[in-house]
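Structure, as structure tokens:
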Amino acid sequence: MPELPEVETVRRGLDAAAVGRIIRAVEVFGTRTVRRQHGGAAEFVSRLVGRTFTAARRRGKYLWLPLDDDDALVAHLGMSGQFRVSTVDTPDVAHLRARFAFADSPPDLCFHDQRTFGGLYVDDTGPGAVPATIAHIALDPLDPAFDRGAFAASLRGRRTGIKRALLDQSLVSGIGNIYADEALWRARLHYARGSDALRRADVERLMDEVVAVLTDALRAGGTSFDALYVSVNGESGWFERSLEVYGREGEPCSRCGAAIRREPFMNRSSYRCPRCQPQPRAGAARW
DNA sequence: CTATGAACCTGACAGC
DNA sequence: TGCTGTCAGGTTCATA
């Protein structure tokens with residue numbers, strides 16, 4: 001589900017709803033959500049109870065909340081995870097996976113996850129450091145320290161398609177299927193353009209558009225197709241109305257009028273304008 | 001090291 | 001009504 005704009009919206013919600021609060025009790029429902037926890041649910045709970053959340057941070061689509069020791073609660077929303085502030089019994093009991101109660105009492109913080117691709121675990125982290133389990137995730141394009149030159153160099157060193165590279169979280173993080181397609185449309189690039197054959201100007205334009213679409217979407221609170229993505233307060237994002245190609249198969253391109261196409265890609269779909277984003281010649285394509 | 005595909009889940013929807 | 005197949009915002013792991 002969520003890409004950078006959605007996860008960042010959630011991070012801001014956690015910053016407001018959880019940071020500074022002392023954890024009084026933690027309940028875990030089932031084992032799957034904490035499957036990455038060393039020591040299982042028991043250790044998960046014991047490392048959290050009595051601690052205080054001191055910050056809410058994000059790396060790509062990962063979230064982590066440092067505690068007042070050398071641990072942090074690490075969270076990934078997967079396709080359907082959501083944190084919700086809850087003053088009463090949650091209405092979505094079927095998918096409630098964890099519940100955090102605080103010393104200052106309500107509201108609780110709940111973690112819901114329909115498809116259970118999301119996860120929670122406590123990991124060691126030194127002060128200000130990134131948890132070791134997410135150290136392989138690259139910086140995101142909105143991070144001031146993101147090194148565009150190094151990213152361009154890594155594109156040149158690979159034989160892959162540009163969209164595959166955009167989705168590779170070890171090269172650049174935070175971009176998923178929606179915003180990859182939107183940025184490629186804005187930059188007028190086909191998803192199978194070879195990463196090693198792009199001109200530097202193409203890469204610059206593409207990354208400018210990546211930054212633009214992520215920024216626009218963040219301002220809108222993200223993209224909500226359904227109830228699977230909402231903020232910690234249950235609000236939907238309204239960027240869907242701004243999408244130009246994603247989910248718009250058959251509709252006219254707003255630039256040229258050609259019908260948007262949906263094509264199979266990496267066991268999912270890619271959307272593009274056939275006229276603005278023409279297929280590269282065979283030798284330059286990397287599917 | 002790089003590239004690819006399968007696996008992990010639940011639910012909504014279309015078509016028969 | 002109910003079955004089957006398809007599809008969905010993601011990451012990890014095993015295999016070439």
Side-chain angles (χ1 to χ4, degrees), chain A residues 1-10 29-37 58-64 74-83 92-97 111-121 131-138 140 153-183 191-192 194-196 213-214 217-218 220-231 236-240 242-243 245-250 262-271 285-287:
Chain A
M1 171 254 311
E3 306 179 33
L4 187 151
E6 294 77 34
V7 179
E8 175 61 18
T9 300
V10 170
F29 307 101
T31 58
R32 194 170 149 72
T33 292
V34 292
R35 64 192 177 281
R36 293 188 67 180
Q37 175 67 58
R58 180 184 59 75
R59 180 76 160 249
K61 304 170 197 171
Y62 275 90
L63 294 162
W64 80 98
V74 183
H76 197 288
L77 304 178
M79 295 283 265
S80 55
Q82 50 184 256
F83 280 104
D92 187 15
V93 174
H95 304 124
L96 180 62
R97 308 299 178 188
F111 184 75
H112 303 257
D113 193 5
Q114 177 195 98
R115 291 178 67 186
T116 68
F117 287 167
L120 304 173
Y121 56 96
T133 47
I134 59 178
H136 63 293
I137 303 294
D140 68 62
S154 63
L155 290 182
R156 261 178 273 121
R158 287 178 174 237
R159 293 176 62 79
T160 191
I162 185 57
K163 182 173 172 181
R164 300 185 96 103
L166 286 177
L167 295 177
D168 186 337
Q169 305 295 301
S170 70
L171 298 180
V172 56
S173 71
I175 304 165
N177 209 29
I178 296 179
Y179 300 112
D181 280 1
E182 293 298 309
Y191 55 83
S195 68
D196 50 343
V213 73
L214 292 178
L218 181 53
T223 300
S224 300
F225 295 117
D226 50 38
L228 289 187
Y229 164 68
V230 291
S231 73
S236 293
W238 36 275
F239 193 69
E240 184 189 4
S242 302
L243 297 177
V245 285
Y246 190 88
R248 300 246 178 285
E249 181 181 18
R262 175 164 74 99
E263 295 165 344
F265 179 84
M266 289 175 79
N267 289 322
R268 32 171 88 167
S269 297
S270 274
Y271 297 86
R286 303 269 185 269
W287 302 90

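Each chain gets a letter, A, B and so on, in the order its sequence line appears, and its residues count up from 1. The shown structure was predicted, so the numbers you read here are calculated from the model rather than taken from an experiment.
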Given that A:Leu167 and A:Gln114 both sit by DNA chain C, which one's nearest nucleotide is further toward the 5' end? A:Gln114

Dot-bracket, 5' to 3', for DNA chain C please: Watson-Crick or G-U pairs under 3.5 Å, [ ] where pairs cross earlier ones, | where the partner sits on another strand, dots elsewhere. .|||||||.|||||||

For A:Trp238, is the CH2 atom crowded, meaning more than 12 foreign heavy atoms sit under 6.0 Å from it? no

Report which part of the nucleic acid A:Arg35 touches: base, sugar-phosphate, or nothing (heavy-atom distance under 4.0 Å, all strands). nothing

Side-chain touch A:Lys163/A:Asp181, heavy atoms, less than 4.5 angstrom: yes

Report the distance from atom OH of A:Tyr121 to atom P of C:dT12, rounded to the nearest whole Å. 8 Å

In whole Å, I'd like the distance from the CG atom of A:Asp113 to the P atom of C:dG10. 14 Å

Quick check: are there more than 12 heavy atoms from other residues, nucleotides or ligands sitting under 6.0 Å from CZ of A:Arg159? no

Please determine if A:Arg158 and A:Asp168 form a salt bridge, counting it only when a charged side-chain N lies under 4.0 Å from a carboxylate O. yes

Using only heavy-atom distances, determine whether the side chains of A:Glu3 and A:Tyr229 contain a donor-acceptor pair under 3.5 Å. no

Please check if the distance between the ring centroids of A:Tyr246 and A:Phe239 is under 6.0 Å. no

Nearest-angstrom distance from the residue atom CG of A:Asp168 to C1' of C:dT12: 13 Å

Taking any atom closer than 4.0 angstrom to a non-hydrogen atom of chain A, what span of DNA chain B does the protein reach, first nucleotide to last? B:dT2 to B:dG11

Please give, in whole Å, the distance from C:dC7 P to A:Glu249 CD? 10 Å

Pick the closest DNA chain B nucleotide for A:Arg97 and for A:Arg164 by heavy atoms, then say which residue is nearer the 5' end. A:Arg164

Does the ring of A:Phe117 lie flat against the base of C:dG10, closer than 5.5 Å centre to centre with planes under 30°? yes

Nearest-angstrom distance, P atom, B:dA6 to C:dT6: 14 Å

Is NZ or CZ of A:Arg32 both nearer than 6.0 Å to the six-membered ring centre of A:Phe117 and within 45° of the ring axis? no

side-chain N/O A:His76 vs C:dT12 OP1/OP2, d < 4.0 Å: no

Return yes if the base of C:dG10 and the side-chain atoms of A:Arg268 contain a donor-acceptor N/O pair under 3.5 Å, otherwise no. yes

Atom pair distance, as rounded to whole Å: CD in A:Glu240 and P in C:dG9: 13 Å

Would you say the side-chain atoms of A:Glu182 pair up with the backbone N or O of A:Val245, donor to acceptor, closer than 3.5 Å? yes

A:Tyr62 near the nucleic acid: base, sugar-phosphate alone, or nothing, with a heavy-atom cut-off under 4.0 Å? sugar-phosphate

Short side-chain donor-acceptor distance under 3.5 Å, A:Glu263 and A:Tyr191: yes

Specify the separation, in whole Å, of atom OH of A:Tyr246 and atom C1' of C:dG9. 6 Å

Taking the same atom, P, in B:dG11 and in C:dT11, what whole-Å distance lies between them? 22 Å

Looking only at atom P, what distance separates C:dC13 and B:dC9, rounded to whole Å? 14 Å

Phosphate-side-chain proximity, A:Lys61 and C:dG9, N/O vs OP1/OP2 below 4.0 Å: no

Could you give the CG-to-P distance, from A:Leu166 to C:dG10, as a whole number of Å? 12 Å

Length of the CD-C1' vector between A:Glu6 and C:dG10, whole Å: 12 Å

Is there side-chain contact between A:Tyr62 and A:Ile137, with at least one heavy-atom pair below 4.5 Å? yes

